[in-house]
Amino acid sequence: MNANSLIILDFETTGLSPNNGDRAIEIGAVKLENGVVTERFQELMNPGRPVSYFIEDYTGITNEMLSDAAPCHEVMARFADFIQGQNLVAHNASFDKRFLDSELKRISSNYDGQFGCSLLVSRRLYQTAPNHKLGTLINYKGIASKGSFHRALYDAEMTAKLWLAMLDDIQQQTNVDEVPFSLVQKLAKTTKANVAKLFANYVVS
DNA sequence: TGCCAGGCCCTCTTTAGGGCCTT
């Protein structure tokens with residue numbers, strides 16, 4: 001596993017649940033190396049059936065756009081190569097993990113990284129934020145945005161910026177030189193009340 | 001057949017219910 005790099009990813013899908021037959025329609029991702037975006041991945045994919053008007057409206061991805069796209073299995077095979085050997089991050093990772101697992105299982109593929117969740121971290125770190133939607137947190141942190149959320153690569157880019165902002169905030173509260181992925185994972189699992197205690201254990205005197 | 005997400009997290013909790021977040 002590469003300790004200095006990370007993939008931040010986001011799926012657009014036909015709905016909320018692969019267990020109910022929902023499929024991925026777009027994957028967007030950026031690779032962060034030492035805090036800098038060094039690679040990008042973005043592809044639409046044809047799920048083999050029409051998407052609802054709600055999804056067309058929500059994402060701006062139309063059935064016409066998907067009719068020209070490569071099928072899911074082709075795109076996901078390329079994406080599986082892209083994420084090889086990398087830890088992964090998503091906003092509400094349990095959602096994206098379900099679709100990643102489901103789509104890769106269909107092509108008998110796999111990945112070896114751990115998932116980090118920017119939503120869970122933000123709930124510990126930004127307890128006074130109005131809410132913990134991606135768009136709200138981007139505004140809350142004063143990160144510049146075009147406001148055009150709900151496309152995969154754009155949301156992945158914004159999640160990456162949020163992730164870097166959170167690493168900065170963790171660093172300032174702990175005085176560590178570099179925030180290890182393992183510390184962020186511990187933060188996501190600790191209770192809100194124990195955040196200060198967790199950070200105190202990392203203070204360099 | 002009929003149902004239709006699911007994991008996290010709070011609280012009027014743990015023998016449960018409901019809001020948040022993702023599409």
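Being a predicted model, the structure only gives us computed values, none of them experimental. Reckoned from all heavy atoms, side chains included, excluding hydrogens, waters and symmetry mates.
The separation of dT15(B) from dT23(B), taken at their C1' atoms, amounts to 35 Å, rounded to a whole angstrom. Taking the P atoms as reference points, dG17(B) lies 16 Å from dC4(B), given to the whole Å. Straight-line distance between the C1' atoms of dT13(B) and dC9(B): roughly 12 Å, to the nearest whole Å. Rounded to whole Å, the separation between the P atoms of dC12(B) and dG6(B) comes to 28 Å.
The distance from atom CG of Asp101(A) to atom P of dA5(B) is 19 Å, rounded to the nearest whole Å. If you take CD1 of Ile8(A) and P of dT22(B), they are 16 Å apart, rounded to a whole angstrom. Rounded to whole angstrom, the span from the CZ atom of Arg49(A) across to the P atom of dT23(B) amounts to 17 Å. Note: CE (Met45(A)) to P (dT23(B)) measures 14 Å, nearest angstrom. One can place NZ of Lys97(A) at 10 Å from P of dG7(B), the figure rounded to the nearest angstrom. With rounding to whole Å, Leu134(A) atom CG is found 17 Å from dC20(B) atom P. Atom NE2 in His91(A) sits roughly 18 Å away from atom P in dG7(B) (whole-Å rounding). Remark: C1' of dC20(B) and CG of Asn131(A) are 9 Å apart, rounded to the nearest angstrom.
As judged by a 4.0 angstrom heavy-atom cut-off over every strand, Asp96(A) is placed among residues making no nucleic acid contact. Within 4.0 Å (heavy atoms only), Asp10(A) reaches sugar-phosphate atoms of the nucleic acid but no base atom. At the heavy-atom level, Thr59(A) lies under 4.0 Å from the strands shown only through sugar-phosphate atoms. Within 4.0 Å of Phe54(A), counting heavy atoms only, lies at least one base atom of the nucleic acid. Contacts of Asp57(A) with the nucleic acid, taken as non-hydrogen atoms under 4.0 Å apart, are absent. Among the atoms of the strands shown, only primed sugar atoms or phosphate atoms (P, OP1, OP2) are found under 4.0 Å from some heavy atom of Leu120(A).
From Met166(A), atom CE reaches atom CD of Gln171(A) across 14.0 Å, with rounding to the nearest 0.5 Å. Taken to the nearest 0.5 Å, the CZ atom of Phe199(A) stands 6.5 Å off from the OG1 atom of Thr174(A).
For Asn20(A), taking side-chain heavy atoms from C-beta onward, the closest of the listed nucleotides dT23(B), dC21(B), dC4(B) is dC4(B). When distances are taken from the side chain of Arg124(A) to each of dC10(B), dC8(B), dA5(B), the shortest belongs to dC8(B). The side chain of Phe95(A) lies closest to dT22(B) when the candidates are dC9(B), dA5(B), dT22(B). Counting only heavy atoms from C-beta on, Lys133(A) has its side chain closest to dT22(B) among dT23(B), dA5(B), dT22(B). Distances from the side chain of Asn19(A) to the nucleotides dG6(B), dA5(B), dT23(B) place dG6(B) closest.
When the side-chain nitrogen and oxygen atoms of His132(A) are compared with OP1 and OP2 of dC20(B), none of them lie within a distance under 4.0 Å. Between dG7(B) and Asn92(A), no contact under 4.0 Å exists linking OP1 or OP2 to a side-chain N or O. Distances shown here put a side-chain N or O of His150(A) below 4.0 Å from the OP1 or OP2 atom of dT23(B).
Using a 4.0 Å cut-off between charged side-chain N and carboxylate O, Asp169(A) and Lys141(A) make a salt bridge. Taking the charged nitrogens against the carboxylate oxygens, Glu43(A) and Arg78(A) do have a contact shorter than 4.0 Å, which makes a salt bridge.
Put simply, the residue from Glu33(A), Glu39(A), Gln86(A), Lys31(A) that forms a side-chain hydrogen bond (donor to acceptor under 3.5 Å, both in side chains) with Ser5(A) is Gln86(A).
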Side-chain donor-acceptor contacts of residues 112-121 of chain A below 3.5 Å, not counting sequence neighbours, with atom names and distances?
{"unit_1": "Asp112(A)", "atom_1": "OD1", "unit_2": "Gly85(A)", "atom_2": "N", "d": "3.1"}
{"unit_1": "Ser118(A)", "atom_1": "OG", "unit_2": "Ala90(A)", "atom_2": "O", "d": "3.4"}
{"unit_1": "Ser118(A)", "atom_1": "OG", "unit_2": "His91(A)", "atom_2": "ND1", "d": "2.7"}

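Residues Arg98(A) and Glu12(A) each lie close to DNA chain B; by heavy-atom proximity, the contact nearer the 5' end of the strand is made by Arg98(A).
Using modelled atom types and a 3.5 Å distance limit, the side chains of Thr13(A) and Asp22(A) yield no donor-acceptor pair.
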